Amino acid sequence: MPELPEVEAARRGIAEQLLGRVLVGYELTRPALLVSAPGLTLDALVGSRLECVERHGKYLFLTFEPAVLVIHLKLAGQLVARGSGIPGFAAGHPVPAYDAPLPHKSTHLRFDFGGDAHLFLTDIRHFARVWLLPHDDLPAFRESLHLGPDVLDPAFTVETLRQGLARRTVGRLKPTLLDQSLVAGLGNIYVDESLWQAKLHPERTAASLTDAEIERLYEGIHTTMELALPTGGARILNSKAQTEVGKFPFVHGREGLPCPRCGTAIIKTRVNNRGTYLCPHCQPAP
DNA sequence: AACTACTCCTGGAGGC
DNA sequence: TGCCTCCAGGAGTAGT
């Protein structure tokens, strides 16, 4: 569920509030969360400064002098920072609630950044992963992820998208856009929103798209990101509870409600075994 | 090559 | 209230 906007919210929170601070301790309560390179433990990071925080797609890279931490929140991970010396932030899956007491029973990792500043990784479904790698291992690790350009990277252009789609002539749009090697950062929710923006049915094939439709798809992806980024994804993750009909998100979780563009009832279907929402009028089936 | 099905896991929603 | 079933979904893998 945490997709690019949610992970980007975490990156910004960490960059603004924890960058430059020294890690003074940690508590790992679910060891299976962490995959460490041989001979390396989190102890290696204690006493060193958080030097850099980057994001590529849904992966976060936290650079310390001795080693690098890589975090993927998968379906239900959340990162929450709290402490009297920082404003705090919350990003990712909204369960437990962002203001719930921490640690929660599903808090698997806590980092201590001095004073009482803490970063909590909580994951009710135990899918999230953290990797601890020596710097030298990072290039090979990143290569193994097979990530395409990040959605927000200027290297991701209409031309990039066109070329990526050209290599997948048979595949349907939805699974193609979910493939992180084409473009990194989109997940089930934002693919639905992007395709609605672009007025394209998720089961259209890449090969069937005209140049104009590819441009619409590219614009649709970016429009969706521009709507989601300022909310840190919180709005879409809580869409059923918090968002009015006709406001973003437009289709996700809105089965039976009117399409904000044409009024036709949004339908829910399954594509690639994923729950998929679309407007049958705006997004005609192939 | 590209699809489907399955796996990891558990909270929350809905039915009765 | 409580038990049951179903559903949610990122990404890897096995099978077709």
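So that the names make sense, note that chain A is the first sequence line, chain B the second, and so on, each numbered from 1. The structure displayed is predicted, hence computed values, not measured ones. Computed from heavy atoms alone, side chains included, the values below leave out hydrogens, waters and symmetry copies.
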Chemist: Rounded to the nearest angstrom, tell me the gap between atom CG in A:N272 and atom P in C:dT13.
Modeler: 17 Å
Chemist: Base, sugar-phosphate or nothing for A:R30? Non-hydrogen atoms, less than 4.0 Å.
Modeler: nothing
Chemist: Considering heavy-atom distances to DNA chain C, does A:Y59 or A:G275 have its closest nucleotide positioned more toward the 5' end?
Modeler: A:G275
Chemist: Under 3.5 Å, side-chain donor or acceptor atoms of residues 32-48 of chain A against the rest of the protein: list the pairs with distances, not counting sequence neighbours.
Modeler:
unit_1, atom_1, unit_2, atom_2, d
A:T41, OG1, A:D43, N, 3.1
A:D43, OD1, A:Y26, OH, 2.6
A:S48, OG, A:L45, O, 2.6

Chemist: For A:N273 and for A:G171, find the nucleotide of DNA chain B with the closest heavy atom, then tell me which residue's nucleotide is more 5'.
Modeler: A:G171
Chemist: Distance check needed: C:dG10 P versus A:D179 CG, whole Å only.
Modeler: 13 Å
Chemist: Under 6.0 Å from the ring centre and within 45 degrees of the ring axis: does the NZ or CZ of A:R142 meet both conditions for the six-membered ring of A:F61?
Modeler: yes
Chemist: Going by heavy atoms in the side chains, are A:L195 and A:L177 under 4.5 Å from each other?
Modeler: yes
Chemist: Establish, yes or no, whether a centroid distance under 6.0 Å links the rings of A:F250 and A:Y277.
Modeler: no
Chemist: Could you check how far CD of A:E255 sits from C1' of C:dA8, rounded to whole Å?
Modeler: 14 Å
Chemist: Assess whether a salt bridge exists between A:E219 and A:R216, defined as any Lys/Arg side-chain N lying under 4.0 Å from an Asp/Glu carboxylate O.
Modeler: no
Chemist: Expressed as a whole number of angstroms, how long is the span from A:K174:NZ to C:dA11:P?
Modeler: 14 Å
Chemist: So which heavy atom on A:V271 is nearest to which on A:P175, and how close?
Modeler: CG1-CD, 4.2 Å
Chemist: Indicate whether OP1 or OP2 belonging to C:dG10 is found under 4.0 Å from a side-chain N or O atom of A:Q180.
Modeler: no
Chemist: Look at A:H72 and C:dA11 and indicate whether a side-chain polar atom (N or O) is within less than 4.0 Å of OP1 or OP2.
Modeler: yes
Chemist: At under 4.0 Å between heavy atoms, what does A:R274 touch on the DNA or RNA strands: base, sugar-phosphate, or nothing?
Modeler: base
Chemist: Measure the distance from NZ on A:K74 to C1' on C:dA8 and round it to the nearest whole Å.
Modeler: 15 Å
Chemist: Quick one: pull up CD1 in A:I14 and CZ in A:F113 and give me the separation to the nearest 0.5 Å.
Modeler: 7.5 Å
Chemist: Give the rounded distance in Å between these two atoms: CG of A:L178 and P of C:dG10.
Modeler: 7 Å
Chemist: Provide, to the nearest angstrom, the distance between the NE2 atom belonging to A:H93 and the P atom belonging to C:dA8.
Modeler: 13 Å
Chemist: Under 4.0 angstrom, heavy atoms only, what part of the nucleic acid is A:R270 near: base, sugar-phosphate, or nothing?
Modeler: sugar-phosphate
Chemist: Along DNA chain B, 5' to 3', what are the outermost nucleotides having an atom less than 4.0 Å from a heavy atom of chain A?
Modeler: B:dA2 to B:dG12
Chemist: In whole angstrom, what separates A:F127's CZ from C:dT13's P?
Modeler: 16 Å
